[in-house]
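Report on one structure; see the data block that follows.
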Amino acid sequence: MAVQVIAEVGECFNGSMERAQRMIREAAQAGCDVVKFQILDMAEVSTEDPEYEWFCKIELDKEKIKLLKKWAADEHIDILFTPVSLKTTSFLVEEGIHTVKIASSFIRKKELIEYINDHFERVYVSTGMADLEEVRQTIHLLKKPKEVIILHCISEYPTGPLLEQRGLKALDEQDAHLNMIKILKQEFPAFKIGYSDHTDGIFAPVIAAAMGAEVLEKHFTLERQTPICNYIQKKEYMGTDHVLSVEADDLKKMVELIRRVEVCQGNSKWERSRGEYKYIVFDTKLKQETGQVFGIGDLGHVIDCMGLELPNSVWVAHHHRCAPIYYGYENADKSINELREIIV
């Protein structure tokens, strides 16, 4: 099954609905499966919060949610929202949206989780800042949804005290702790396990895909540099998520690399390659037709003469041992036609 890729817009549309529409289009063109937005509830934000005005700018009301939903449908990409309160979650129910994501910061919000349990069919749960027992408790509460997806996440957003102590920077790769994906797979074998990334670049998400993550979420932006420079130079504030986001070209590259990973992984079954089967047929037919056992020789010479397209070398089980096999054939130059008949 293909890895599901979620393009997280978050605050990176900068409060512009025109920009939000373009980001939906870019996410679809990059090959993402889902585009995600956050729904703030200003009634729960203190007017003393230093980002209060910024949050007002990027708040999504019912009408904006309707527009985003329509634009996503136009681009044939699924849309996902992360609400922060019962009120904002009810907006999604009223719009007939049956999929939702529980943000890391709300995994302990029992009332919200119980409401989501009663009203949604598919639920994504981000596990940032939670211990394993808290994750267990949340999953235990989500009995009614048809599908629950658990996302490993390290929620070191560049905001609040971390922003003050470290400055504007993304999560260090050494802090991604991708092996926690394995822990979640062991703990919740019946659930899809994914990864929500906050590192800089696309390396960690691609590695997560290779490790078996079934869902990958990555923040993206249309342009990183201006918001970062503005913050450093104390100009127009444009949020802090841009520093951990990738631009559209890298988002597309990430999706392409994830698809390559899937090709390399192959099926979850023990099977030989087509090239190996050619070797096996070659060996078996020679033995059947000639009654000879062939030892070390020059397979390359025979193959070149016959025009066969085979790998340069291969390790196979042969005569109850594992060795790189080169099939020899005495007087090969005089026997090419015979060999060709055997293979064909």
Side-chain angles (χ1 to χ4, degrees), residues 4 6 8-11 34 36-49 51-52 55 58-62 65 78-157 159-162 171 177 180-181 183-198 213-215 217 219 241:
Q4 184 185 63
I6 302 173
E8 163 74 83
V9 174
E11 65 181 21
V34 183
K36 189 177 89 68
F37 290 85
Q38 299 171 356
I39 311 176
L40 301 178
D41 186 345
M42 295 311 298
E44 297 198 357
V45 180
S46 170
T47 55
E48 301 299 317
D49 191 309
E51 291 189 290
Y52 183 82
F55 290 152
I58 62 173
E59 183 183 19
L60 298 173
D61 58 24
K62 290 182 182 180
I65 291 170
D78 291 337
I79 194 163
L80 179 64
F81 292 95
T82 302
V84 300
S85 65
L86 290 177
K87 183 178 78 173
T88 53
T89 307
S90 69
F91 290 171
L92 304 181
V93 175
E94 292 169 13
E95 283 302 312
I97 296 172
H98 303 293
T99 301
V100 70
K101 182 186 175 189
I102 300 172
S104 295
S105 52
F106 296 98
I107 197 170
R108 302 173 186 85
K109 204 167 184 177
K110 186 176 179 180
E111 186 181 15
L112 177 63
I113 294 170
E114 289 176 339
Y115 181 86
I116 286 173
N117 181 58
D118 289 333
H119 293 88
F120 291 86
E121 297 178 1
R122 181 182 294 112
V123 181
Y124 295 80
V125 180
S126 197
T127 60
M129 297 185 290
D131 61 39
L132 204 50
E133 182 55 34
E134 288 173 323
V135 178
R136 293 189 191 104
Q137 291 172 5
T138 298
I139 301 306
H140 180 74
L141 289 173
L142 295 170
K143 297 288 190 182
K144 296 181 181 179
K146 295 179 181 178
E147 184 176 25
V148 175
I149 301 99
I150 307 170
L151 304 181
H152 164 54
C153 177
I154 302 296
S155 296
E156 287 192 12
Y157 283 94
T159 186
L162 280 181
L171 177 70
H177 301 309
M180 289 171 74
I181 294 171
I183 295 174
L184 288 173
K185 281 181 171 289
Q186 292 168 358
E187 184 73 26
F188 305 101
F191 295 83
K192 284 185 179 179
I193 306 299
Y195 172 57
S196 177
D197 181 60
H198 294 118
E214 297 169 271
V215 177
E217 180 182 70
H219 287 251
D241 281 3

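Here the structure is a predicted model, which means the values were calculated and not measured.
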* **Interatomic distance, F120 atom CZ to K101 atom NZ [nearest 0.5 angstrom]** => 14.5 Å
* To do: Please report the shortest heavy-atom distance between S104 and G128, naming the atom on each side.
  => OG-N, 2.9 Å
* **Side-chain touch L132/I183, heavy atoms, less than 4.5 angstrom** => yes
* So among T88, L86, T89, which one has a side chain to side chain contact (heavy atoms under 4.5 Å, CB included) with D41? -> T88
* N/O donor-acceptor pair under 3.5 Å between T127 side chain and A130 backbone -> no
* Asked: Considering only heavy atoms from C-beta outward, does the side chain of K36 approach that of V9 to under 4.5 Å?
  -> no
* **Side-chain touch H177/I154, heavy atoms, less than 4.5 angstrom** => yes
* **Validation row: I116, I102 side chains within 4.5 angstrom (heavy atoms)** => yes
* To do: Give, for atom SG of C153 and atom CG of L171, the distance between the pair rounded to the nearest 0.5 Å.
  => 8.5 Å
* To do: To the nearest 0.5 angstrom, please state how far the CD1 atom of I107 sits from the OG atom of S155.
  => 9.5 Å
* Distance from T138 atom OG1 to K110 atom NZ, nearest 0.5 Å? -> 10.5 Å
* Using the test ring pair (Phe, Tyr, Trp, His ring centres under 6.0 Å), find all partners of F106 that sit at least two apart in sequence or belong to another chain. => none
* To do: For the residue pair K192 and E147, establish whether any side-chain heavy-atom pair is separated by less than 4.5 Å.
  => yes
* Asked: Can you check whether I97's main-chain N or O pairs, donor with acceptor, with E95's side chain at less than 3.5 Å?
  -> no
* Nearest-0.5 Å distance that lies between atom CG in L92 and atom NZ in K62 -> 11.0 Å
* Which pair of heavy atoms, one from E217 and one from S196, lies closest together, and at what distance? -> OE1-OG, 2.5 Å
* To do: Report yes if the side chains of V100 and T82 come closer than 4.5 Å at any heavy-atom pair, otherwise no.
  => no
* What about H152 and Y195, are their ring centers closer than 6.0 Å? -> yes
* To do: Just do the side chain to side chain contact (heavy atoms under 4.5 Å, CB included) check on V125 and V135 with the steps written out, would you?
  => CA-CA 9 Å; V125 180; V135 178; 5.7 Å; no
* Taking everything shown except E111 itself, do over 12 heavy atoms lie less than 6.0 Å from its CD? -> no
* To do: Could you check E114 against H119 for side chain to side chain contact (heavy atoms under 4.5 Å, CB included), going step by step and ending with a plain yes or no?
  => CA-CA 9 Å; E114 289 176 339; H119 293 88; over 6 Å; no
* To do: Would you check if the side chain of E214 reaches a backbone N or O of Q4 as a donor-acceptor pair within less than 3.5 Å?
  => no
* Tell me yes or no: between the side chains of N117 and Y115, is some donor less than 3.5 Å from an acceptor? => no
* Considering all heavy atoms of both residues, which atom of K109 and which atom of S85 are nearest to each other, and what is their separation? -> NZ-CA, 4.3 Å
* Asked: Atom CZ of F91 and atom CD1 of I39: how far apart are they, to the nearest 0.5 Å?
  -> 8.0 Å
* Asked: Do V148 and I139 come within less than 4.5 Å of each other through their side chains, counting heavy atoms only?
  -> yes
* Asked: Any side-chain heavy atom of Y124 within less than 4.5 Å of one from V215?
  -> yes
* With distance as the sole test, does E134 use its side chain to make a donor-acceptor pair with the main-chain N or O of D131 at under 3.5 Å? -> yes
* Does the distance from a Lys or Arg side-chain N to an Asp or Glu carboxylate O, for E121 and K144, drop under 4.0 Å? -> no
* Heavy atoms only: give me the nearest M129-S105 pair and the separation to one decimal. => CE-CA, 4.1 Å
